[in-house]
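Working notes, structure below.
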Number of protein chains: 2
Amino acid sequence: MNDTQQVMAHFEATCRAHGLKLTHQRMEIYRMLLQSTEHPSAETLHKQLATRLPTLSLDTVYRTLATFEELGLVKRVETMSSQARFEAVIDQHHHFFCDQCGKLIDFHWHLFDSMGLPESLQTVGRIRNKNVVVHGVCDQCLSGEKSRS
Amino acid sequence: MNDTQQVMAHFEATCRAHGLKLTHQRMEIYRMLLQSTEHPSAETLHKQLATRLPTLSLDTVYRTLATFEELGLVKRVETMSSQARFEAVIDQHHHFFCDQCGKLIDFHWHLFDSMGLPESLQTVGRIRNKNVVVHGVCDQCLSGEKSRS
DNA sequence: TAGGAGTTAAGAATAAATCTTATTTGATGT
DNA sequence: ACATCAAATAAGATTTATTCTTAACTCCTA
(Lines give C-alpha, C1' and ligand atoms only; values in the text may rest on other atoms or scores of the structure.)
Protein backbone atom coordinates (compact mmCIF):
# COMPACT_ATOMS: atom_id res chain seq x y z
CA MET A 1 0.00 0.00 0.00
CA ASN A 2 1.11 3.57 -0.82
CA ASP A 3 3.73 2.07 -3.02
CA THR A 4 6.07 4.68 -4.43
CA GLN A 5 5.24 3.72 -7.98
CA GLN A 6 1.57 4.22 -7.33
CA VAL A 7 2.19 7.63 -5.77
CA MET A 8 4.42 8.62 -8.65
CA ALA A 9 1.72 7.54 -11.09
CA HIS A 10 -0.77 9.74 -9.29
CA PHE A 11 1.74 12.57 -9.37
CA GLU A 12 2.21 12.21 -13.12
CA ALA A 13 -1.52 11.99 -13.71
CA THR A 14 -2.11 15.15 -11.68
CA CYS A 15 0.54 17.05 -13.61
CA ARG A 16 -0.89 15.93 -16.94
CA ALA A 17 -4.40 16.78 -15.83
CA HIS A 18 -3.24 20.33 -15.22
CA GLY A 19 -1.25 20.57 -18.45
CA LEU A 20 2.10 20.61 -16.67
CA LYS A 21 5.12 19.20 -18.42
CA LEU A 22 6.82 16.29 -16.72
CA THR A 23 10.28 17.75 -16.55
CA HIS A 24 13.23 15.97 -15.06
CA GLN A 25 13.41 18.66 -12.37
CA ARG A 26 9.78 18.26 -11.30
CA MET A 27 10.07 14.50 -11.13
CA GLU A 28 13.23 14.57 -9.07
CA ILE A 29 12.00 17.25 -6.68
CA TYR A 30 8.80 15.37 -6.02
CA ARG A 31 10.57 12.03 -5.68
CA MET A 32 13.05 13.50 -3.21
CA LEU A 33 10.28 15.04 -1.13
CA LEU A 34 8.44 11.71 -1.12
CA GLN A 35 11.46 9.84 0.20
CA SER A 36 12.19 12.49 2.78
CA THR A 37 10.84 12.26 6.30
CA GLU A 38 12.44 15.44 7.57
CA HIS A 39 10.08 18.04 6.07
CA PRO A 40 12.88 19.78 4.21
CA SER A 41 13.13 23.42 3.19
CA ALA A 42 13.61 24.44 -0.44
CA GLU A 43 17.28 24.94 0.28
CA THR A 44 17.68 21.52 1.88
CA LEU A 45 16.02 19.87 -1.09
CA HIS A 46 18.25 21.83 -3.43
CA LYS A 47 21.34 20.54 -1.64
CA GLN A 48 20.06 16.98 -1.58
CA LEU A 49 19.43 17.11 -5.31
CA ALA A 50 22.81 18.58 -6.14
CA THR A 51 24.29 15.19 -7.06
CA ARG A 52 21.44 14.11 -9.32
CA LEU A 53 20.86 17.55 -10.88
CA PRO A 54 24.04 19.59 -10.57
CA THR A 55 22.68 22.56 -12.49
CA LEU A 56 19.32 22.74 -10.71
CA SER A 57 18.67 26.28 -9.56
CA LEU A 58 17.29 27.10 -6.14
CA ASP A 59 14.66 29.23 -7.81
CA THR A 60 13.34 26.19 -9.64
CA VAL A 61 12.94 24.37 -6.35
CA TYR A 62 10.95 27.28 -4.90
CA ARG A 63 8.86 27.66 -8.05
CA THR A 64 8.22 23.96 -8.37
CA LEU A 65 7.19 23.56 -4.74
CA ALA A 66 4.77 26.46 -5.12
CA THR A 67 3.29 24.82 -8.21
CA PHE A 68 2.92 21.49 -6.43
CA GLU A 69 1.29 23.24 -3.52
CA GLU A 70 -1.37 24.69 -5.82
CA LEU A 71 -2.08 21.22 -7.18
CA GLY A 72 -2.38 19.88 -3.64
CA LEU A 73 0.57 17.54 -4.16
CA VAL A 74 2.66 19.26 -1.54
CA LYS A 75 1.94 21.03 1.70
CA ARG A 76 3.74 23.89 3.37
CA VAL A 77 4.19 22.93 7.00
CA GLU A 78 2.99 25.31 9.69
CA THR A 79 6.12 26.42 11.54
CA MET A 80 7.47 29.74 12.64
CA SER A 81 10.96 28.91 11.44
CA SER A 82 12.41 31.43 9.02
CA GLN A 83 12.57 28.99 6.14
CA ALA A 84 9.38 27.41 4.82
CA ARG A 85 9.31 23.63 5.05
CA PHE A 86 7.44 21.15 2.89
CA GLU A 87 6.04 17.63 2.76
CA ALA A 88 4.40 15.46 0.14
CA VAL A 89 0.70 15.16 0.80
CA ILE A 90 0.00 11.53 1.58
CA ASP A 91 -2.46 11.29 4.46
CA GLN A 92 -4.06 13.33 7.21
CA HIS A 93 -1.62 13.79 10.07
CA HIS A 94 -0.34 16.32 12.58
CA HIS A 95 3.04 17.63 13.69
CA PHE A 96 5.24 17.62 16.74
CA PHE A 97 7.81 20.41 16.53
CA CYS A 98 10.98 20.37 18.60
CA ASP A 99 11.57 23.95 19.72
CA GLN A 100 15.22 23.18 20.31
CA CYS A 101 16.46 21.52 17.12
CA GLY A 102 13.55 22.28 14.80
CA LYS A 103 12.86 18.62 14.05
CA LEU A 104 9.33 17.81 12.87
CA ILE A 105 7.68 14.51 13.67
CA ASP A 106 4.42 13.36 12.08
CA PHE A 107 1.76 11.75 14.19
CA HIS A 108 -1.77 10.48 13.64
CA TRP A 109 -4.79 11.31 15.77
CA HIS A 110 -7.98 9.74 14.52
CA LEU A 111 -9.97 10.78 17.57
CA PHE A 112 -9.17 14.40 16.82
CA ASP A 113 -9.78 14.02 13.09
CA SER A 114 -13.25 12.67 13.70
CA MET A 115 -14.17 15.41 16.16
CA GLY A 116 -16.42 18.30 15.17
CA LEU A 117 -15.22 21.86 15.55
CA PRO A 118 -16.49 24.05 18.39
CA GLU A 119 -19.65 26.09 17.94
CA SER A 120 -17.87 29.41 17.72
CA LEU A 121 -16.38 28.32 14.40
CA GLN A 122 -19.72 27.57 12.80
CA THR A 123 -20.01 31.16 11.62
CA VAL A 124 -16.46 32.18 10.67
CA GLY A 125 -16.72 30.99 7.10
CA ARG A 126 -15.83 27.94 5.04
CA ILE A 127 -13.53 25.48 6.77
CA ARG A 128 -10.92 23.69 4.70
CA ASN A 129 -9.03 21.67 7.29
CA LYS A 130 -7.95 21.52 10.91
CA ASN A 131 -4.54 20.60 12.21
CA VAL A 132 -2.78 20.16 15.50
CA VAL A 133 0.70 21.46 16.19
CA VAL A 134 2.38 20.19 19.34
CA HIS A 135 5.43 22.01 20.63
CA GLY A 136 8.07 20.64 22.94
CA VAL A 137 11.57 19.22 23.09
CA CYS A 138 12.30 15.95 21.33
CA ASP A 139 13.78 12.89 23.03
CA GLN A 140 17.07 13.31 21.26
CA CYS A 141 17.51 16.87 22.53
CA LEU A 142 16.48 15.79 26.02
CA SER A 143 19.08 13.03 26.20
CA GLY A 144 21.64 15.39 24.69
CA GLU A 145 20.91 17.77 27.55
CA LYS A 146 21.43 14.99 30.08
CA SER A 147 24.66 13.64 28.64
CA ARG A 148 26.07 17.15 28.45
CA SER A 149 25.50 17.83 32.16
CA MET B 1 -11.67 40.88 34.65
CA ASN B 2 -8.49 40.96 32.54
CA ASP B 3 -8.52 44.67 33.01
CA THR B 4 -5.82 46.39 30.98
CA GLN B 5 -4.30 47.94 34.07
CA GLN B 6 -3.93 44.57 35.68
CA VAL B 7 -2.31 43.11 32.58
CA MET B 8 0.03 46.07 32.33
CA ALA B 9 0.93 45.62 35.99
CA HIS B 10 1.81 42.00 35.32
CA PHE B 11 3.82 43.09 32.30
CA GLU B 12 5.80 45.57 34.36
CA ALA B 13 6.36 43.05 37.12
CA THR B 14 7.64 40.48 34.62
CA CYS B 15 10.04 42.98 33.08
CA ARG B 16 11.37 44.01 36.48
CA ALA B 17 11.69 40.38 37.55
CA HIS B 18 13.98 39.82 34.59
CA GLY B 19 15.95 43.01 35.10
CA LEU B 20 14.56 44.67 32.00
CA LYS B 21 14.23 48.41 31.93
CA LEU B 22 10.76 49.80 31.45
CA THR B 23 11.45 51.93 28.43
CA HIS B 24 8.86 54.02 26.68
CA GLN B 25 9.25 51.84 23.58
CA ARG B 26 8.63 48.56 25.41
CA MET B 27 5.56 49.92 27.15
CA GLU B 28 4.04 51.25 23.96
CA ILE B 29 4.79 48.15 21.90
CA TYR B 30 3.23 45.91 24.50
CA ARG B 31 0.22 48.17 24.99
CA MET B 32 -0.39 48.32 21.24
CA LEU B 33 -0.19 44.55 20.93
CA LEU B 34 -2.61 44.17 23.84
CA GLN B 35 -5.18 46.43 22.22
CA SER B 36 -4.78 44.77 18.86
CA THR B 37 -6.99 41.89 17.78
CA GLU B 38 -5.44 41.44 14.34
CA HIS B 39 -2.25 39.58 15.30
CA PRO B 40 -0.02 42.20 13.71
CA SER B 41 3.42 41.77 12.19
CA ALA B 42 6.40 43.77 13.44
CA GLU B 43 5.96 46.08 10.49
CA THR B 44 2.26 46.64 11.15
CA LEU B 45 2.98 47.46 14.78
CA HIS B 46 5.72 49.82 13.72
CA LYS B 47 3.30 51.69 11.46
CA GLN B 48 0.60 51.79 14.12
CA LEU B 49 3.07 53.25 16.60
CA ALA B 50 4.39 55.88 14.20
CA THR B 51 2.16 58.62 15.66
CA ARG B 52 3.00 57.96 19.30
CA LEU B 53 6.71 57.22 18.71
CA PRO B 54 7.78 58.89 15.48
CA THR B 55 11.44 57.92 15.86
CA LEU B 56 10.82 54.29 16.79
CA SER B 57 12.93 52.01 14.63
CA LEU B 58 11.60 48.84 13.06
CA ASP B 59 14.56 46.99 14.51
CA THR B 60 13.46 47.91 18.01
CA VAL B 61 10.04 46.42 17.32
CA TYR B 62 11.61 43.17 16.16
CA ARG B 63 14.07 43.09 19.05
CA THR B 64 11.44 43.94 21.62
CA LEU B 65 9.00 41.32 20.38
CA ALA B 66 11.76 38.71 20.53
CA THR B 67 12.52 39.74 24.10
CA PHE B 68 8.86 39.58 25.09
CA GLU B 69 8.62 36.16 23.47
CA GLU B 70 11.42 34.86 25.67
CA LEU B 71 9.62 36.15 28.73
CA GLY B 72 6.42 34.46 27.60
CA LEU B 73 4.61 37.78 27.33
CA VAL B 74 4.13 37.47 23.60
CA LYS B 75 3.60 34.60 21.22
CA ARG B 76 4.62 34.21 17.63
CA VAL B 77 1.59 32.91 15.77
CA GLU B 78 1.91 29.77 13.69
CA THR B 79 1.32 30.86 10.09
CA MET B 80 3.12 30.26 6.86
CA SER B 81 2.88 33.89 5.83
CA SER B 82 6.17 35.55 4.99
CA GLN B 83 6.00 38.02 7.86
CA ALA B 84 5.91 36.73 11.42
CA ARG B 85 2.81 37.74 13.37
CA PHE B 86 2.40 38.22 17.10
CA GLU B 87 -0.13 38.31 19.91
CA ALA B 88 -0.04 39.15 23.60
CA VAL B 89 -0.31 35.99 25.66
CA ILE B 90 -3.55 36.20 27.60
CA ASP B 91 -5.27 32.84 27.59
CA GLN B 92 -5.19 29.45 25.88
CA HIS B 93 -6.86 29.67 22.49
CA HIS B 94 -6.55 28.51 18.89
CA HIS B 95 -6.56 30.12 15.47
CA PHE B 96 -8.67 30.20 12.37
CA PHE B 97 -6.63 31.42 9.41
CA CYS B 98 -8.27 32.79 6.27
CA ASP B 99 -6.21 31.49 3.36
CA GLN B 100 -7.55 34.27 1.17
CA CYS B 101 -6.99 37.48 3.14
CA GLY B 102 -4.68 36.21 5.87
CA LYS B 103 -7.00 37.26 8.68
CA LEU B 104 -6.54 35.41 11.96
CA ILE B 105 -9.44 34.75 14.28
CA ASP B 106 -9.04 33.43 17.83
CA PHE B 107 -11.33 30.75 19.14
CA HIS B 108 -11.63 28.71 22.30
CA TRP B 109 -12.00 24.95 22.51
CA HIS B 110 -12.09 23.64 26.05
CA LEU B 111 -12.97 20.11 24.99
CA PHE B 112 -9.76 19.96 22.97
CA ASP B 113 -7.71 21.62 25.69
CA SER B 114 -8.77 19.01 28.20
CA MET B 115 -8.07 16.11 25.87
CA GLY B 116 -4.99 13.95 26.29
CA LEU B 117 -2.57 13.52 23.42
CA PRO B 118 -2.46 10.28 21.39
CA GLU B 119 -0.28 7.41 22.53
CA SER B 120 2.26 7.84 19.76
CA LEU B 121 3.29 11.14 21.33
CA GLN B 122 4.05 9.63 24.73
CA THR B 123 7.60 8.87 23.66
CA VAL B 124 8.62 11.81 21.46
CA GLY B 125 9.92 13.91 24.31
CA ARG B 126 8.74 16.69 26.57
CA ILE B 127 5.51 18.35 25.48
CA ARG B 128 5.15 22.08 26.02
CA ASN B 129 1.77 22.83 24.46
CA LYS B 130 -0.70 21.78 21.79
CA ASN B 131 -2.57 24.04 19.43
CA VAL B 132 -5.12 23.79 16.67
CA VAL B 133 -4.89 25.71 13.43
CA VAL B 134 -7.99 25.74 11.26
CA HIS B 135 -7.67 26.85 7.66
CA GLY B 136 -10.43 28.11 5.43
CA VAL B 137 -11.98 31.21 3.95
CA CYS B 138 -13.52 33.79 6.25
CA ASP B 139 -17.09 35.02 5.99
CA GLN B 140 -16.02 38.39 4.75
CA CYS B 141 -14.07 36.92 1.84
CA LEU B 142 -16.97 34.57 1.05
CA SER B 143 -19.50 37.40 0.82
CA GLY B 144 -16.99 39.45 -1.15
CA GLU B 145 -16.84 36.59 -3.63
CA LYS B 146 -20.61 36.50 -3.90
CA SER B 147 -21.14 40.23 -4.34
CA ARG B 148 -18.44 40.33 -6.99
CA SER B 149 -20.12 37.66 -9.11
C1' DT C 1 21.43 64.17 39.84
C1' DA C 2 25.55 61.69 38.18
C1' DG C 3 27.25 57.38 36.47
C1' DG C 4 26.93 53.28 34.06
C1' DA C 5 24.76 49.23 32.22
C1' DG C 6 21.32 48.37 29.27
C1' DT C 7 18.63 50.25 25.21
C1' DT C 8 17.83 52.47 21.25
C1' DA C 9 18.14 54.62 16.28
C1' DA C 10 20.12 54.44 11.99
C1' DG C 11 21.72 52.32 8.49
C1' DA C 12 24.54 48.42 6.85
C1' DA C 13 24.38 43.52 6.32
C1' DT C 14 22.35 38.98 5.88
C1' DA C 15 18.90 35.60 4.64
C1' DA C 16 14.82 34.01 2.23
C1' DA C 17 12.15 34.25 -1.62
C1' DT C 18 10.88 36.14 -6.07
C1' DC C 19 11.51 38.35 -10.58
C1' DT C 20 13.73 39.05 -15.31
C1' DT C 21 15.48 37.40 -19.35
C1' DA C 22 17.77 34.55 -22.48
C1' DT C 23 18.16 29.70 -23.28
C1' DT C 24 16.55 25.05 -23.22
C1' DT C 25 13.25 21.29 -23.29
C1' DG C 26 8.98 18.30 -23.32
C1' DA C 27 4.94 17.45 -25.90
C1' DT C 28 2.48 17.58 -30.19
C1' DG C 29 1.73 16.70 -34.95
C1' DT C 30 4.10 14.96 -39.11
C1' DA D 1 12.66 10.17 -35.72
C1' DC D 2 12.11 15.47 -36.45
C1' DA D 3 10.62 20.31 -36.44
C1' DT D 4 7.94 23.46 -33.85
C1' DC D 5 6.70 26.26 -30.00
C1' DA D 6 4.68 27.17 -25.65
C1' DA D 7 6.20 26.20 -21.30
C1' DA D 8 9.97 25.63 -18.12
C1' DT D 9 14.58 26.42 -16.53
C1' DA D 10 19.24 28.63 -15.06
C1' DA D 11 21.59 32.49 -13.72
C1' DG D 12 21.90 36.31 -11.53
C1' DA D 13 19.66 40.64 -10.14
C1' DT D 14 16.10 42.23 -7.05
C1' DT D 15 12.91 42.53 -3.35
C1' DT D 16 11.40 41.61 1.25
C1' DA D 17 12.03 40.21 6.04
C1' DT D 18 15.01 40.16 9.67
C1' DT D 19 19.30 40.81 12.18
C1' DC D 20 23.74 43.04 13.17
C1' DT D 21 26.95 47.02 14.27
C1' DT D 22 27.97 51.06 16.40
C1' DA D 23 27.51 55.34 18.48
C1' DA D 24 24.24 57.98 21.11
C1' DC D 25 20.83 57.98 24.61
C1' DT D 26 18.03 56.82 28.82
C1' DC D 27 16.29 54.34 32.78
C1' DC D 28 17.65 52.99 37.24
C1' DT D 29 20.48 53.04 41.44
C1' DA D 30 23.28 55.22 44.70
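Residue numbers start from 1 in every chain, and the chains themselves are labelled A, B, ... in the order their sequence lines are given, proteins ahead of strands.
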Nearest-nucleotide 5' precedence on DNA chain C, B:Val61 against A:His24 =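 Final value for this comparison: B:Val61.
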Result block: side-chain N/O donor-acceptor pairs under 3.5 angstrom for residues 16-35 of chain A, not counting sequence neighbours:
unit_1: A:Thr23; atom_1: OG1; unit_2: A:Arg26; atom_2: N; d: 3.2
unit_1: A:Arg26; atom_1: NH1; unit_2: A:Lys21; atom_2: O; d: 2.8
unit_1: A:Glu28; atom_1: OE1; unit_2: A:Arg52; atom_2: NE; d: 2.8

With heavy atoms under 4.0 Å as the rule, sort A:Ala42 into base, sugar-phosphate or nothing.
->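 Contact class for A:Ala42: none.
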Check every strand shown and say whether A:Leu58 touches a base, only sugar-phosphate, or nothing at a heavy-atom separation below 4.0 Å.
->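 Nothing, no heavy atom under 4.0 Å.
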Of all nucleotides in DNA chain D with an atom under 4.0 Å from a non-hydrogen atom of chain B, which is the first and which the last going 5' to 3'?
->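 First-to-last contact on DNA chain D, by the 4.0 Å heavy-atom rule, is D:dA17 to D:dC28.
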Minimum heavy-atom distance between B:Ile127 and B:Leu121, given as atom pair plus value =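 Residues B:Ile127 and B:Leu121, closest heavy atoms: CD1-O, 3.7 Å.
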Heavy-atom pair of closest approach, residues A:Gln92 and A:Lys130 =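 The pair with the smallest heavy-atom distance is NE2-O, 3.5 Å.
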When the nearest nucleotide of DNA chain D is assigned to B:Thr23 and to B:Ser41 on a heavy-atom basis, which residue is associated with the more 5' position?
->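 This one resolves to B:Ser41.
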Which residue, B:Asp59 or A:Arg63, contacts DNA chain D at a nucleotide closer to its 5' end, judged by nearest heavy atom?
->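 First, find each residue's nearest nucleotide; the 5'-ward one identifies A:Arg63.
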Do [X] and [Y] meet the criterion of a side-chain donor-acceptor pair at a distance under 3.5 Å?
| X | Y | value |
| --- | --- | --- |
| A:Ser41 | A:Thr44 | yes |
| B:His95 | A:Glu78 | no |
| A:His108 | A:Asp113 | no |

Are A:Val134 and A:Phe107 side-chain neighbours, meaning at least one heavy-atom pair lies under 4.5 Å?
->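 Heavy-atom side-chain distance check passes, below 4.5 Å.
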From the 5' end of DNA chain C to its 3' end, which nucleotides mark the outer limits of contact with chain A, defined by a 4.0 Å heavy-atom distance cut-off (strictly under)?
->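 In short, chain A contacts DNA chain C from C:dA16 to C:dA27.
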Carefully, step by step, assess B:Asn131 and A:His135 under the rule side chain to side chain donor-acceptor pair (under 3.5 Å).
-> CA-CA 8 Å; B:Asn131 275 89; A:His135 279 260; over 6 Å; no
